[in-house]
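Reviewing the structure listed below.
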Amino acid sequence: MQKTTGRPQLKENLKFFLTASMKGISQVLLIDNAVTGFFILLIITSTSIFLGIITLLSTIIGTLIGIVGGADKESVTQGLFGFNSVLTGIALALFMNGPYHWIIALLGAALAAILAAAMMHAMKPLGIPVLSAPFILITWFTLLVSYRLKAFTLTSELVPQDLARWKLDTTGKVDWTEGAFYGIGQIFFLHETIAGVLLFLAVFWAGWRLGIFAIMGNLTALLASYWLGGEHTLIFMGLYGYNGILAILAVAIVFNDNKGWIQPLLSGILAAFLTVPLTASITTLLLPYGLPALTMPFILSTWIILGARKVLPKL
């Protein structure tokens, strides 16, 4: 009898864990949907088996830390301890090399979940979401450690540059198809058109409104960066678009209580537009350190709008 009663409980616990882990992946796009998370995992794995494994292990690590650490079940179930771990694991796996860089990536994923918990507590009185700030901090500081500790080795992609010698180059091919789909792929550090198409489909699976707004955010950032005279190479690689997608989803849908279409759309477009100059300025600021901007433009844009909304509730 004990075995019989134990099996349903084990099954229930396993279902809870798997659901939370998959939502940890979908929450990278601020989406609370396990099926979307699983689709995203398949898309990443089809692009790179190594990154797929890192993604899966990272969300498992983040989810386990939430469970073992005694976090409230609702937060764990929503995947709120997994998404920073996923982003950190992928970023460190890509930006570092060496025989054991994957271990560093997974340790970073664990630290991201712990820092997320600390920041949730610190920012709770402000009523402002933590978003992917733990991912940013852990990734930046880990990459900077490489200049002092030999165990940490950067890839050749991250090279500090002298700002005084920097020249803006707006030449290069104009490929609107790549620009349309590379943006959402860059959220997971993917650089393939088909991956972008499939990721948009994964978003639409979670909700058609999410899909429409994601397209609008990408389009806003794409057109704004082109109109403002950004580098064509960066624009059409999606390095302006992905922050716009995240910003519009956060401001217009996830953290917006106002119903209807007009107000969410306008505030979301504003947030997506803001990510463009923020991306340009943050990228410039980090140039001497060889660090990527990551999702910091999205974070700052979202914090600005949500903070202003405390005083301007119709924003």
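No hydrogens, no waters, no symmetry mates; every other heavy atom, side chains included, goes into these values.
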Open item on the list: For the backbone of Asn97 and the side chain of Thr155, can you confirm whether one donor and one acceptor N or O come within less than 3.5 Å of each other?
Closed with: no
Open item on the list: More than 12 heavy atoms of other residues, nucleotides or ligands under 6.0 Å from OH of Tyr289: yes or no?
Closed with: no
Open item on the list: Does the Lys NZ or Arg CZ of Lys23 fall within the cation-pi geometry relative to Phe83 - under 6.0 Å from the ring centre and within 45° of the axis?
Closed with: no
- [ ] State which residue, out of Thr302, Leu294, Thr295, Thr88, fulfils the side-chain contact (heavy atoms from CB on, under 4.5 Å) condition with Ser132.
- [x] Thr295
- [ ] Report, as yes or no, whether the 6.0 Å neighbourhood of atom CD1 on Ile262 holds more than 12 heavy atoms from other residues, nucleotides or ligands.
- [x] no
TODO: Decide yes or no for Tyr240 and Thr275: does some side-chain heavy atom of the first lie under 4.5 Å from some side-chain heavy atom of the second?
DONE: no
Open item on the list: Between Pro160 and Leu287, is there a side-chain heavy-atom distance shorter than 4.5 Å?
Closed with: no
- [ ] Count the heavy atoms of every other residue, nucleotide or ligand shown that sit under 6.0 Å from CZ of Phe17, and state whether that count exceeds 12.
- [x] yes
TODO: Evaluate the criterion side chain to side chain contact (heavy atoms under 4.5 Å, CB included) for residue pair Ser58 and Leu106; output intermediate values, then yes/no.
DONE: CA-CA 6 Å; Ser58 295; Leu106 295 180; 3.8 Å; yes
Open item on the list: For a 4.5 angstrom cut-off between non-hydrogen side-chain atoms, does Thr45 reach Leu51?
Closed with: no
Open item on the list: So, taking the atom named CG in Leu87 and the one named CD in Gln27, what distance separates them when rounded to the nearest 0.5 Å?
Closed with: 11.5 Å
Task: side-chain contact (heavy atoms from CB on, under 4.5 Å) partner of Pro292, the single match among Leu143, Thr139, Thr283 - done: Leu143
Open item on the list: So does Ile245 get a backbone contact from the side chain of Asn218, meaning a donor-acceptor N/O pair under 3.5 Å?
Closed with: no
Open item on the list: Test of understanding: clusters of I, L, V, M, F, W, Y form through side-chain heavy atoms closer than 4.5 Å, transitively. Do Val68 and Ile114 belong to the same one?
Closed with: no
TODO: Without swapping roles, check the side chain of Thr47 against the backbone of Ile43 for a donor-acceptor pair under 3.5 Å.
DONE: yes
- [ ] For Trp303, look at atom CH2 and say whether over 12 heavy atoms of other residues, nucleotides or ligands are found less than 6.0 Å away.
- [x] yes
Task: Polar side-chain atom of Thr59 near backbone of Thr55 as donor-acceptor pair, under 3.5 Å - done: no
TODO: Supply the atom-to-atom distance Leu300 CG to Ile305 CD1, rounded to the nearest 0.5 angstrom.
DONE: 11.5 Å
Open item on the list: With a 4.5 Å cut-off on side-chain heavy atoms, are Met119 and Leu137 touching?
Closed with: yes
Open item on the list: When you measure from the side chain of Ser267 to the backbone of Gln263, do you find a donor-acceptor pair of N or O atoms at a distance under 3.5 Å?
Closed with: yes
Open item on the list: Within this structure, what is the OG1-CD distance for the pair Thr284 and Gln161, rounded to the nearest 0.5 Å?
Closed with: 10.5 Å
Open item on the list: Tell me the closest heavy-atom pair linking Ile187 and Leu29, and the distance in Å.
Closed with: CD1-CD2, 3.4 Å
Open item on the list: Test of understanding: clusters of I, L, V, M, F, W, Y form through side-chain heavy atoms closer than 4.5 Å, transitively. Do Tyr182 and Leu222 belong to the same one?
Closed with: no
Task: Heavy-atom closest pair, residues Gly183 and Tyr242 - done: O-CB, 2.9 Å
Task: Shared hydrophobic cluster, Leu168 / Leu285 (ILVMFWY, side-chain heavy atoms < 4.5 Å) - done: no
Open item on the list: side chain to side chain contact (heavy atoms under 4.5 Å, CB included) for Phe213 and Ile269? Distances and angles first, verdict last.
Closed with: CA-CA 9 Å; Phe213 274 82; Ile269 288 176; over 6 Å; no
Open item on the list: Quick one, Ile44 and Ile40 - any side-chain contact, counting heavy atoms below 4.5 Å?
Closed with: yes
TODO: Check the side chains of Gln186 and Asn243 for a donor-acceptor pair under 3.5 angstrom, ignoring hydrogens and angles.
DONE: no
- [ ] Classify the ring geometry between Phe135 and Phe189 as parallel (under 30°), tilted (30 to 60°) or perpendicular (over 60°).
- [x] perpendicular
Open item on the list: I need the minimum non-hydrogen distance between Gly241 and Ala221, along with the two atoms involved.
Closed with: CA-CB, 3.8 Å
- [ ] State, yes or no, whether a side-chain contact exists between Trp102 and Ile53 at a heavy-atom distance under 4.5 Å.
- [x] no
Task: Residue Asp162 excluded, over 12 heavy atoms near CG under 6.0 Å - done: yes
- [ ] Please check if the side chain of Ser85 supplies one atom and the backbone of Ala109 the other of a donor-acceptor pair under 3.5 Å.
- [x] yes
Task: Positive for side-chain contact (heavy atoms from CB on, under 4.5 Å) with Ser21, one of Leu41, Leu57, Thr63 - done: Thr63
Task: Under 3.5 Å donor-acceptor, Ser225 side chain and Gly230 backbone - done: no
Task: Hydrophobic cluster membership, Leu266 vs Leu210, 4.5 Å side-chain cutoff - done: no
- [ ] Kindly give the heavy-atom pair with the smallest separation between Arg309 and Leu315, and that separation in Å.
- [x] NE-O, 2.7 Å
TODO: Start with the C-alpha gap between Leu198 and Leu201, add the side-chain angles, then the distance that decides, and say whether side chain to side chain contact (heavy atoms under 4.5 Å, CB included) holds.
DONE: CA-CA 5 Å; Leu198 293 174; Leu201 291 176; 4.2 Å; yes
Open item on the list: Once rounded to the nearest 0.5 Å, what's the spacing between atom CE of Met96 and atom CG of Leu154?
Closed with: 5.5 Å
Open item on the list: To the nearest 0.5 Å, what is the distance between CG on Leu92 and OG1 on Thr142?
Closed with: 5.0 Å
Task: Verdict with supporting geometry, Trp176 and Tyr226, ring pair (Phe, Tyr, Trp, His ring centres under 6.0 Å) - done: CA-CA 11 Å; Trp176 293 101; Tyr226 187 79; 5.1 Å; yes
Task: Beyond-backbone contact of Gln78 with Glu74, side-chain heavy atoms, under 4.5 angstrom - done: yes
Task: ring pair (Phe, Tyr, Trp, His ring centres under 6.0 Å) evaluation trace for Phe50 with His101 - done: CA-CA 12 Å; Phe50 173 68; His101 74 291; 5.7 Å; yes
Task: hydrophobic_cluster_shared for Leu291 and Val159, side chain cutoff 4.5 Å - done: no
TODO: Considering non-hydrogen atoms only, spot the tightest contact between Ile104 and Ala151 and give its length.
DONE: CD1-O, 3.6 Å
Task: Side-chain heavy-atom pair Ile128, Lys310 within 4.5 angstrom cut-off - done: yes
- [ ] Starting from the C-alpha separation in whole Å, work towards a yes-or-no answer on ring pair (Phe, Tyr, Trp, His ring centres under 6.0 Å) for Phe95 and Trp140.
- [x] CA-CA 10 Å; Phe95 293 136; Trp140 279 353; over 10 Å; no
- [ ] Taking all heavy atoms of Asn84 and all of Ala112, pick out the closest pair and write down the distance.
- [x] O-CB, 3.7 Å
Task: Atom pair OG (Ser75) and CD1 (Ile67), whose distance is rounded to the nearest 0.5 Å - done: 12.0 Å
